[in-house]
Amino acid sequence: MTLQPEANINEIEDTPEKGRTRRYRPGRIREKNRERIIAAAEEEFAHHGFRGATIQNIAERAELPKSNVLYYFSNKQRIYSALFDDIMSRWNAVFSEISPDDDPAEALETFIRTKVEMSRQHPMASRLFAQEIIQGAPFLKDHLRTNMREWVRGRAKVIQQWIDDGRMAPVDPVQLIFLIWSSTQHYADFQVQILMVENKAEYEAQDFEHAANFLTGVILRGCGLEPKTHDHE
């Protein structure tokens, strides 16, 4: 028997004509349920790791029956892989479509600021990724060797073109990407250290704005560029 995802009452919409019977939108229901499962998995894996997490707990966090979760993902490893696909897609989306015609200062600044904002909005996702890498990337080896390697080489090629055109200083494009990744994710991965050193109980909104301004100024000027956004507070 094929499992079917259950409809959510919140996904019933009015038709354009007033007074008509309301209808379900199965595609949107599936999309929303998948998003709920991924968000719940992020919390579950962050708290218990891959081995300690269970599909039942993920279902409870998502407020969905376990059968619904299994309809979308046949096992825990598929959920885990989908979660990392989602994380890395969020992180790199803004830098994925860069071209040699783009303004390097604007493109790099947008990438840096977006990555800092991701650390603010999704700190658990960053820590999960860091834990996976520290453990030797047991579930991400293939992704890193294929999709991630191809993505980095593609972005590095564009950066090298900017350098060859004399539009920025000659820096190592791959190391530049590594620097942006590590420096922006630091505010999520090492939150405890930062807060203890700065004698704070928790982050405030201006902390991330300050971090984004600082990193943008330091990294862009190291590339012979000036930030497009005023970086003095």
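Scope of the values below: all heavy atoms of this structure, side chains included, with no hydrogens, waters or symmetry mates. None of the values given here were measured: they were computed from a predicted structure.
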Any idea how F214 and H210 line up, ring-wise: parallel (<30°), tilted (30 to 60°), or perpendicular (>60°)? parallel
Could you check whether [X] pairs with [Y] (Lys NZ or Arg NE/NH1/NH2 to Asp/Glu carboxylate O, under 4.0 Å)?
| X | Y | value |
| --- | --- | --- |
| E109 | K228 | no |
| R36 | E43 | no |
| R34 | E31 | no |

Taking the side chain as every heavy atom from C-beta outward, state whether [X] and [Y] have any pair of such atoms under 4.5 Å apart.
| X | Y | value |
| --- | --- | --- |
| F50 | E132 | no |
| Y72 | R78 | no |
| R153 | K157 | no |
| S99 | V158 | no |
| T54 | I58 | no |
| D207 | I194 | no |
| W91 | T184 | no |

Between Q131 and Q135: side-chain donor-acceptor atoms closer than 3.5 Å: no
Hey, quick one: are M124 and Y203 part of the same hydrophobic cluster, counting side-chain heavy atoms closer than 4.5 Å, chains of contacts allowed?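 They do not share one cluster, since no chain of ILVMFWY contacts under 4.5 Å joins M124 to Y203.
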Row check, W151 ring normal vs R155 NZ/CZ: under 6.0 Å, within 45°: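 Here R155 passes the 6.0 Å and 45° test against W151.
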Could you tell me whether the side chain of D189 and the main chain of H186 form a donor-acceptor pair under 3.5 Å? no
Donor-acceptor pair, distance only, cut-off 3.5 Å: does the side chain of R61 make one with the backbone of A41? no
Out of the candidates Q161, R167, Q160, only one should pair with D164 under the side chain to side chain donor-acceptor pair (under 3.5 Å) rule; please name it.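 Looking at Q161, R167, Q160, the match for D164 under the side chain to side chain donor-acceptor pair (under 3.5 Å) is Q160.
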Heavy atoms from other residues, nucleotides or ligands near CD of Q175 exceed 12 (cutoff 6.0 Å):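 Yes.
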